[in-house]
There are 2 protein chains.
Amino acid sequence: MDSIGEARVGGKSGVGVLDKAVGILSFLAEGGPATLAGVVRGTGLARPTAYRLLSALEAHGLVAREEGRYYLGLRLLSWGGRAVGSALVGAAMPVLEALRDRTGESTQLYVKEGDRRVCVASVERTGGGLRDAVPVGAVLPLGHGSGGRVLLAWSEGAEAPDLAETRALGWAESVAEREAGVASVSAPVLGPDGGLRAAVCASGPVSRLGEHPGERLAGLVVEAAREIQEAGVR
Amino acid sequence: MDSIGEARVGGKSGVGVLDKAVGILSFLAEGGPATLAGVVRGTGLARPTAYRLLSALEAHGLVAREEGRYYLGLRLLSWGGRAVGSALVGAAMPVLEALRDRTGESTQLYVKEGDRRVCVASVERTGGGLRDAVPVGAVLPLGHGSGGRVLLAWSEGAEAPDLAETRALGWAESVAEREAGVASVSAPVLGPDGGLRAAVCASGPVSRLGEHPGERLAGLVVEAAREIQEAGVR
DNA sequence: TGTTTTGTTTCAACATGTGAGACACAATGT
DNA sequence: ACATTGTGTCTCACATGTTGAAACAAAACA
C-alpha cells in the first residue's frame, strides 16, 4: 500500500531557519527526549547552531529542558488542540485503535490536502511480523493506493467511471500499487452534510492480507468509518 | 490572583525568524483562522514576509490553508501529543472543568519550570461577571500568588518556615497579591513517588471570593488535586 | 591523572531573510 | 461600466541575521 516514499513534510520550505527548527522538533518527536549532544548527532546541525535554536525554542515554550534533556514543550499541546481537524482526529483515535485490534493490522486516517493526502492519525500493528508504518504528517499522492482512491472518489466533481464504481462499492482496496508488498483497504469518513472529511485505512503486507484484502477487511473498515462519522464533529 | 502581566512566551528568543513564525502561530491560535491579510494586520509583519513564512509553515504542516484562510496544522497536534506532561494535562482537563463548575470560578494547572511557573491548562468561568483569564503558556513568577507558593512549598529542598506552614496546611490562598482584585486557592498535584508534579488553582475576583477564599474553596481544590493525582500518569 | 565529551560563548564571514515595489486579480464603490 | 481599493504572489538589491570554527570551563570517562 502507501508508504512514506514521498513524504514531503520536513523538507525545504524556503526558509532555512524554519527548516532547521522543524528538524529539531521532528527529531525530538520521533526519537524522544535528547541531550544537546543527542540533538547534534540526530540532526547533523553544528553544536552552537543546535544550542541556539533549542534555546530559542525553549524561550517560546516549544521545547522544555529538564535534567539536561530537551523535551517537546507544552505550548505544542496548546496549539495542537486548536489545529484544524483536531476534533476529528481525537474522535478517530479510539476507532483506529479498535480497528487495529480487530484487523490485526496498522490503521491510518488521511485527509485530502490540495492534490495530496496527508496522514493525520496512525496506529501501528502490535505484536510481531511485518507492519506498514506511516508516520503522522506523511504526505502521499492521491493517484495510488486505496486511501487516495477513496479521497478522489468521494471528492466533489469526481466523475471518472472507475471512481463512480468505487463510490457504488463503498470502499476501495489496493495491492502492491504504491509500494511493493503492501496491501490496504479504505473507506470514506463523511460529515453531517455528506461531504468527505477523511479516509480511514487498514494496511499491511500482501503476504498476510492476500490479493483481495477487501474480502476480509472491507466490512470492518466501512464500519470504522461509520463509527468515526458518528463520533466526529468538525 | 496571578495574571499574564509578565507573560514571557512569545517575546525575543534571539532568533528573529523563529520569533516571527511563533508570532504567526500564536496569532492563529488566539485569534482563530485568518486570511493572509488578517495575519498581516494581526502580526504587523510586511505582507511578503507573512506570505513567505506562512508558505514555509504550510510546507512543514504547521499551518494549513483552506479556502483562503490559514489554520493551525495537524502536525502541531501530533507533536503536542508527545509534549512533556501532555498526559498529565489530558488527565487534568476534565477535573479542571468539574472544579470550575463546582466553584463557579476559573481554574488552571501550573507546572514549575526553572524559577518560574507556566500555565499548562486553563478553564475559564462560564456565565457572566468578572473572571480571571490566564492563557495556556503564560509564564508567571513563583514568588507571588497561591499557585507559586504551592510550587515552592512542595519543591524538594524547600525549607523556609512559611513554606513548611503551607505544606502542613495542604493548600495555599492569596488575595490581591500578584494583581489587585484577584484571589486564588491552590493545592499540589503529586506523583506516585510523592514528588511535585503541578499546582491546581481556582481563581476569581476578590469581590466574589472574599478576603479568605480558602474557607470556601480549599476543600474543593484539594479534592481536585487528589483526583488529578489518581487520574494522572507521568 | 589524563583524555574525551559536553555545554556555552564569541565574533568575523557571508548566506539568508527582508520588504519596497510591481503586477495580476478580486472585490467594492460610484 | 469604470475607477478605486484590497488581496495574494513574486522579484531582487541589500541590510541584517545566522553560522560555525575556535575557545573555554566543566563534566564524564578511561
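Note: hydrogens, waters and symmetry copies are ignored here, and every other heavy atom, side chains too, is used. The chains referred to below are lettered A, B, ... by the order of the sequence lines, with proteins before strands, and numbering in each begins at 1.
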| message | Is the shortest side-chain heavy-atom distance between B/Leu140 and B/Tyr110 below 4.5 Å? | response |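 Touching, per the 4.5 Å side-chain cut-off.
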- request: Using a 4.5 Å cut-off on heavy atoms from C-beta on, say whether the side chain of B/Leu62 contacts that of A/Leu18.
  value: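 With C-beta onward as the side chain, the pair stays apart.
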I need the [atom1]-[atom2] distance between [X] and [N], as an integer number of Å.
X       : N      : atom1 : atom2 : value
A/Asp19 : C/dT16 : CG    : C1'   : 12 Å
A/Leu36 : C/dT9  : CG    : P     : 12 Å
B/Ile24 : C/dG17 : CD1   : P     : 13 Å
A/Arg47 : C/dT8  : CZ    : C1'   : 10 Å
A/Glu67 : D/dA27 : CD    : P     : 16 Å
B/Leu54 : D/dT9  : CG    : P     : 10 Å

Practice problem: Give me the bend of the helix from C/dT1-D/dA30 to C/dT30-D/dA1, using the axes of the five pairs at each end, rounded to 10°. | Solution: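 It works out to 40° between the end axes.
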Practice task
Determine, step by step, whether B/Ser184 and B/Ser203 satisfy the side chain to side chain donor-acceptor pair (under 3.5 Å) criterion, reporting the C-alpha distance in whole Å, the side-chain angles of both residues, the deciding distance to 0.1 Å, and the verdict.
Solution key: CA-CA 4 Å; B/Ser184 70; B/Ser203 66; over 6 Å; no
Under 3.5 Å between N/O atoms: give me all the protein pairs with nucleotides 17-21 of chain D, atom names plus distance.
unit_1 : atom_1 : unit_2  : atom_2 : d
D/dT18 : OP1    : B/Gly16 : N      : 3.0
D/dT18 : OP1    : B/Val17 : N      : 3.2
D/dT19 : OP1    : A/Lys20 : NZ     : 3.0
D/dT19 : OP2    : A/Arg52 : NH2    : 2.8
D/dG20 : OP2    : A/Thr49 : OG1    : 2.5

Is the side chain of [X] donor-acceptor paired with the backbone N or O of [Y] at a distance under 3.5 Å, no angle test?
X        : Y        : result
A/Thr35  : A/Gly38  : yes
B/Ser78  : B/Leu74  : no
B/Thr107 : B/Cys201 : no
A/Thr43  : A/Ile24  : no
A/Ser106 : A/Ala133 : no

Practice problem: Could you check whether A/Thr35 gets within reach of a base, just the sugar-phosphate, or nothing at all, counting any heavy atom under 4.0 Å? | Solution: sugar-phosphate
Protein N or O to nucleotides 28-30 of chain D N or O, pairs below 3.5 Å:
none

Quick one: is A/Arg69 getting a side-chain N or O under 4.0 Å of the C/dG7 phosphate, OP1 or OP2?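 Checking C/dG7 against A/Arg69, no side-chain N or O comes under 4.0 Å of OP1 or OP2.
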*Does A/Tyr51 have a side-chain nitrogen or oxygen under 4.0 Å from the phosphate oxygens OP1 or OP2 of C/dG7?*
no
ask   = Without hydrogens or angle criteria, can the side chains of B/Ser13 and B/Asp19 be said to hold a donor-acceptor pair below 3.5 Å?
value =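 Indeed, the side chains of B/Ser13 and B/Asp19 share at least one donor-acceptor pair under 3.5 Å.
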Which listed nucleotide (C/dT6, D/dT9, C/dT8) is nearest to the side chain of A/Ala37?
->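 Given the options C/dT6, D/dT9, C/dT8, the side chain of A/Ala37 is closest to C/dT6.
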Review point. Would A/Arg131 and A/Glu124 count as a salt bridge (charged side-chain N to carboxylate O under 4.0 Å, His left out) if you check the C-alpha gap in whole Å, the side-chain angles of each, and the deciding distance to 0.1 Å?
Key: CA-CA 7 Å; A/Arg131 79 185 60 172; A/Glu124 288 189 9; 3.5 Å; yes
Would you sort out whether B/Glu113 and B/Arg117 count as a salt bridge (charged side-chain N to carboxylate O under 4.0 Å, His left out), showing the intermediate values? CA-CA 5 Å; B/Glu113 206 170 278; B/Arg117 66 179 146 126; over 6 Å; no
